[in-house]
Amino acid sequence: MAEKHQIPENAGNSKNKIIYSIVVAILSVIALISGQYSTQHTQETPEDPVSQVPVSDAEFQVHVIDVGQGDSILISADGQTMLIDAAESSASEKIINYLSAQGITELNYAVATHMHADHIGGFPKVFAAVKPKTMLEPVYQDSLIPTTKTYEKYLDAVEATGADYQALKTGDSFTLGNAQITVLAPVSEHASSLNNTSLVLRVQYDDIICIFTGDMETPEEKTILNTVDNAQLKATFLKAGHHGSDTSSGEAFLEQVRPEYVAISCGVDNKYGHPAQSTLEHLAAYTDQVYITAQQGDLVFLYDKDTKSCKMLTNGKG
Ligand SMILES: [Zn+2]
């Protein structure tokens, strides 16, 4: 630019001045256009999701990660960690970044609630970055074992971690920090659909109870109601079953759970119409604290043991 600026001045004739003016005009237009493009590019780049993740030192935390259509939920209790599901493969980078932002380099537990791609698809890449010490699955019958590539990759990835492996059913229990975790379902391996094999966990920490449901539908809810002491089902926090579908969160189950906080994990404009309006209406009978990842982004439920208080944070997507 500087050299071109001097050539016409030195030449001193009108023809060169015209050429000079045209060159300057063209360069100005190019500069303007490239400036607009770079401005547009900056505006279109999504904000760094990691910087939006609330990091907290609360003793007990539940992070319902915004993974689009699928589930991935991080629980932290006294510094011990459990990842329930890892959504689709396409969400694995988001999950890895999320765990990294929380300073997590190893998981005490990873849980595959059931063997559908929107729950286990992300595990292979996540496990390449963050390994679990123990892998938990539900018991289920051999006839339901998937034949999908996603499932094969999942199996290979679990094996490569060297994690202990346990298949759980109703009545099994374990601890995460000071959290007591009991398995509400599956009752047996006899569930007739993969959704209803979902590993359903009741997590008690100090004064609060959280229930995680995978994609449990009403048949499995009924099995729980018929098997488990219903007084055990009252919960502070509920991860609504099956992305808020109308196949789940039946009234009989909700009547026992009576949740104060509800999280629904689903994608924006998903093709299944999750969450169902009828489910939202059923939930509204119990609480106005219903949070949806598609609308509010990452959902973070925190419990402070000293003040015995709960709160839900969101990353402000909406
Ligand atoms: Zn699902």
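Nothing fancy with the numbering, it's 1 onward along the sequence. All ligand and atom numbering here is 1-based and tracks the order in the structure. Keep in mind that the numbers below use all heavy atoms, side chains included, and drop hydrogens, waters and symmetry copies.
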Task: R258: which of Q256, E260, E255 passes side chain to side chain donor-acceptor pair (under 3.5 Å) - done: E255

Open item on the list: Hydrogens and angles aside, do N226 and T223 bring a side-chain donor and acceptor to less than 3.5 Å of each other?
Closed with: no

- [ ] Could you go through the ring-ring contact (aromatic ring centres under 6.0 Å, His included) check for F237 and Y261 one step at a time?
- [x] CA-CA 5 Å; F237 172 99; Y261 294 84; 7.5 Å; no

- [ ] Group every Ile, Leu, Val, Met, Phe, Trp and Tyr by side-chain heavy-atom contacts under 4.5 Å, then state whether Y303 and L299 land in the same group.
- [x] yes

Open item on the list: Could you tell me if Q69 and H274 have a donor-acceptor pair between their side chains, going purely by distance under 3.5 Å?
Closed with: yes

TODO: For the Zn ion (ligand 1), count the protein N, O or S atoms found under 2.8 Å away.
DONE: 4

Show every donor-acceptor pair shorter than 3.5 Å between a side-chain atom in residues 127-137 and any protein atom, with sequence neighbours excluded, or say none if there are none.
| residue | atom | partner | partner atom | Å |
| --- | --- | --- | --- | --- |
| K131 | NZ | F127 | O | 3.3 |
| E137 | OE1 | Y165 | OH | 2.9 |
| E137 | OE2 | Y154 | OH | 2.8 |

